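To keep things clear, I will list the structure first and then write my remarks on it.
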Amino acid sequence: MSSFNSVTEFINYVSEYLADNGDLSVLTVTGELSGVTIYRSGHCYFTLKDEASCVSCVMFRTYLSQLDFVPKDGMKVVLTGTVNIYGPTGKFQINAKSMRFAGKGDLKEQFNMLFLKLQQEGLFNEEHKKKIPLLPRRIGVVTSPSGAVINDIIRTLNRRNPYFDLLIYPVAVQGENCPTEVAAGIKYLDSRDDIDVIIVARGGGSYEDLFGFNSEIIARACYECTTPLISAIGHETDNVILDYVSDLRAPTPTAAAELVLPVYADMQNYINNTEMRLEMAEESVLKSKRSYLDSLKNHKALMSPMFYISEAHNKVNNLVQQLIKCSDNYLISNQAVLKSYSDSLEISEQRIILREQNRLANSVNVLDSVGPLNVLKRGYAFLSDESGKVVSSCDDIKQGDKIEIYLSDGSASASIDEVIKSKQEKLYGKGK
């Protein structure tokens, strides 16, 4: 019977026991992911379960970044790692070091999920496809350096056109290293300025063998590649994600070699035919130019200079006649315009005279109504002293002065008996 002085001592004992156990130091467990949570730190926590049991797991950022997929709930995986006890909680858990999909059925599910994701992002759209060059200077091939595939490609290229240059980037075409190595090969060949086209090739195999080419990192490397890329994976009936992202899909590696390089004899025949058509076109142009030159040689202008002068004289006469005709037409047209302007001016003049006459009559009537005579007719009068100066205030006269009173129909003389200076209210009456 073991005795422990503290919980921490007990946890440490169990952790050391598990670490020293050879069967548990590195283990592989198959199960379904549940409760997957990836924190901002980059660490992933989840539960691995089956129909009857479950176990807590953690995959730290270093190992998670090496996966070519993102763990999600419901995925069935094969997990490799170590077991330990997490001290603060005493929780038994697996520290996962690697993870892969389990079973072909799950590979199909993975393919469908990645296909839908990349399709929604637009990686398969036709507008991203680049045209394969007609006659590439150098062909880059990402494939296994040994085996039938590279030999078939080289043999096919030699048969079609012996004048080619090939650069092979060796990679693993199946297994865990396949995605990262193929993606690196695509990026390397694309970084060179002497590669005109890239072929990614692999021979036939089982669904699991070809599944490396369904990797997201290969798909994105292909999408970001600026060099035209041909996918040649497996046989015609095989389909991988790379086929949909690539600029051209070849049913087999041999077919890719046929698509990437034209037959030398066909190119030679095309060049010969083009050369023959150019010679015929050149001969036709020269014949046409000679005929035109002969027509110039036989022209009457060269035979008789006066003919040319006569032709020029006739052209000048025609131009003079056209100028005269245009001048007459211009005068006639402008006479009508001037007549229209004159009529408009006369009408405007009559309207202005009539308007001013009316204004003058109105002014005379106004002057008459406010004139002195009309004012006097309404019972008013004005006064002047003996010198004829108008009297407008009591200050202008005094007792004994002679004044003249002017009315509407005459005048009268008077003398001042008394001057009474008063305020207006006394004169007109207060309140009136």
Side-chain angles (χ1 to χ4, degrees), residues 68-69 100-101 104-119 123-126 128-132 136 139-157 166-190 195-225 227-261:
D68 59 356
F69 66 95
R100 60 182 174 84
F101 282 90
K104 184 173 180 179
D106 294 299
L107 293 181
K108 284 288 187 182
E109 180 182 356
Q110 181 188 2
F111 175 90
N112 293 333
M113 291 173 61
L114 181 59
F115 183 92
L116 182 60
K117 175 184 177 181
L118 299 182
Q119 185 182 47
L123 269 67
F124 305 156
N125 294 351
E126 284 297 323
H128 301 306
K129 308 294 184 183
K130 296 175 286 295
K131 187 177 180 181
I132 307 301
I139 304 167
V141 180
V142 180
T143 190
S144 172
S146 60
V149 169
I150 190 61
N151 292 327
D152 288 344
I153 290 176
I154 294 174
R155 183 168 56 253
T156 302
L157 292 176
L166 197 67
L167 179 62
I168 302 172
Y169 188 96
V171 297
V173 292
Q174 70 182 66
E176 292 184 0
N177 296 329
C178 172
T180 55
E181 291 186 10
V182 171
I186 293 173
K187 293 178 180 178
Y188 170 76
L189 293 178
D190 185 46
I195 301 295
D196 292 331
V197 64
I198 299 172
I199 298 175
V200 180
R202 189 209 188 280
S206 65
Y207 189 83
E208 290 79 6
D209 292 339
L210 301 179
F211 199 78
F213 294 92
N214 290 318
S215 167
E216 184 173 356
I217 62 172
I218 293 181
R220 297 200 179 278
C222 176
Y223 180 75
E224 295 168 1
C225 181
T227 307
L229 188 145
I230 300 175
S231 173
I233 308 300
H235 300 302
E236 187 171 2
T237 56
D238 297 319
N239 286 284
V240 294
I241 295 292
L242 179 62
D243 294 337
Y244 299 94
V245 188
S246 65
D247 300 301
L248 180 65
R249 187 251 179 181
T252 62
T254 301
E258 294 176 347
L259 292 170
V260 79
L261 197 65

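Computed from a prediction, not measured in an experiment: that's the story for all the values here.
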What do you reckon, are the aromatic ring centroids of F69 and F101 less than 6.0 Å apart? yes
Using atom types as modelled and distance alone, determine if a side-chain donor or acceptor of R249 lies under 3.5 Å from a backbone N or O of S231. no
Between the side chain of K131 and the main-chain N/O of D247, is any donor-acceptor distance below 3.5 Å? no
Within residues 146-156 or reaching into it, pairs that qualify as salt bridge (Lys or Arg N to Asp or Glu O under 4.0 Å) - sequence neighbours excluded: D152-R155
For the side chain of E181 and the backbone of A172, is there at least one donor-acceptor N/O pair under 3.5 Å apart? yes
Got a donor-acceptor contact below 3.5 angstrom from the T143 side chain to the A201 backbone? yes
Looking at C225, is its backbone amide N or carbonyl O close enough to the side chain of D190 to form a donor-acceptor pair, meaning the two atoms are under 3.5 Å apart? no
Rounded at 0.5 Å granularity, tell me how far CD1 in I139 sits from CG in L189. 12.0 Å
F115/F124 aromatic ring centres below 6.0 Å: yes
Which residue pairs pass the ring-ring contact (aromatic ring centres under 6.0 Å, His included) test with at least one member in residues 171-190, sequence neighbours excluded? Y169-Y188
Charged N to carboxylate O under 4.0 angstrom, R220 versus E224? no
Is a side-chain N or O of K129 found less than 3.5 angstrom from the main chain of S246, in a donor-acceptor match? yes
What residues form a salt bridge (charged side-chain N to carboxylate O under 4.0 Å, His left out) with D238, not counting sequence neighbours? none
Distance, nearest 0.5 Å, that separates CD1 of I241 from CD of E216: 9.5 Å
